[in-house]
Enquirer: 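Mind looking over this structure? Questions follow.
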Amino acid sequence: VEDKLKDIVETIVTGIGAGSFPAHPGEGGEDHNNCRYCDYKRICSADVELSWERKSAAPLLAGYLRMSGRGEDGEEE
């Protein structure tokens, strides 16, 4: 458990250091799960799903996708 926590913290710190703050809407159509309580919802793109699809293939997000339980292709593992 400790090793997994270290990996997660390292992934987060690396992403922050690289300026990576992905707007990942999650599932849920109009009422996206991950957007529901987001303080920055008003400044997000109206096409947040399309934006996520384009950006999710970026190599910088590979660690984030693994951490979130998705493969590097964005599909659930």
Side-chain angles (χ1 to χ4, degrees):
V1 171
E2 188 174 320
D3 287 340
K4 186 173 183 173
L5 177 61
K6 284 180 184 178
D7 288 342
I8 289 172
V9 171
E10 183 178 316
T11 298
I12 292 169
V13 169
T14 300
I16 291 170
S20 176
F21 300 94
H24 183 186
E27 304 296 323
E30 291 291 319
D31 193 24
H32 306 296
N33 290 340
N34 296 344
C35 300
R36 191 172 295 138
Y37 304 106
C38 181
D39 291 336
Y40 302 100
K41 186 176 181 178
R42 296 182 323 166
I43 63 172
C44 248
S45 165
D47 241 351
V48 70
E49 288 176 347
L50 180 60
S51 178
W52 169 250
E53 284 179 33
R54 285 194 318 256
K55 293 177 182 181
S56 65
L60 182 60
L61 294 182
Y64 169 78
L65 291 171
R66 281 191 305 275
M67 181 185 73
S68 67
R70 296 179 177 278
E72 290 185 25
D73 59 1
E75 295 298 318
E76 238 179 288
E77 294 183 333

Enquirer: Looking at side-chain heavy atoms only, is the closest gap between K41 and V48 below 4.5 Å?
Expert: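 Result no, sub-4.5 Å side-chain heavy-atom pair not found.
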Enquirer: In the structure I gave you, are the side-chain heavy atoms of I16 and I12 within less than 4.5 Å of one another anywhere?
Expert: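 A side-chain contact exists here, since the closest heavy-atom pair is under 4.5 Å.
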Enquirer: Which pair of non-hydrogen atoms, one from S56 and one from L65, has the smallest distance, and what is that distance?
Expert: O-CD1, 3.4 Å
Enquirer: How close do W52 and P22 get, heavy atom to heavy atom, and via which atoms?
Expert: CZ3-CB, 3.7 Å
Enquirer: Minimum heavy-atom separation for P25 and C35, please, with both atom names.
Expert: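 Of all heavy-atom pairs spanning P25 and C35, the closest is CA-SG, 3.7 Å.
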Enquirer: Does the distance from a Lys or Arg side-chain N to an Asp or Glu carboxylate O, for K6 and E10, drop under 4.0 Å?
Expert: no
Enquirer: Side chain of T14, backbone of T11: donor and acceptor closer than 3.5 Å?
Expert: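 Side chain of T14 to backbone of T11, a donor-acceptor pair under 3.5 Å: no, none is there.
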Enquirer: When hydrophobic residues are tied together by side-chain contacts of less than 4.5 Å, even through go-betweens, does L61 share a cluster with F21?
Expert: yes
Enquirer: Say you draw a straight line from CZ of R54 to CD of E49; how long is it, rounded to the nearest 0.5 Å?
Expert: 12.5 Å
Enquirer: Between I8 and Y64, is there shared hydrophobic-cluster membership here, with clusters defined by ILVMFWY side-chain heavy atoms closer than 4.5 Å?
Expert: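 Same cluster.
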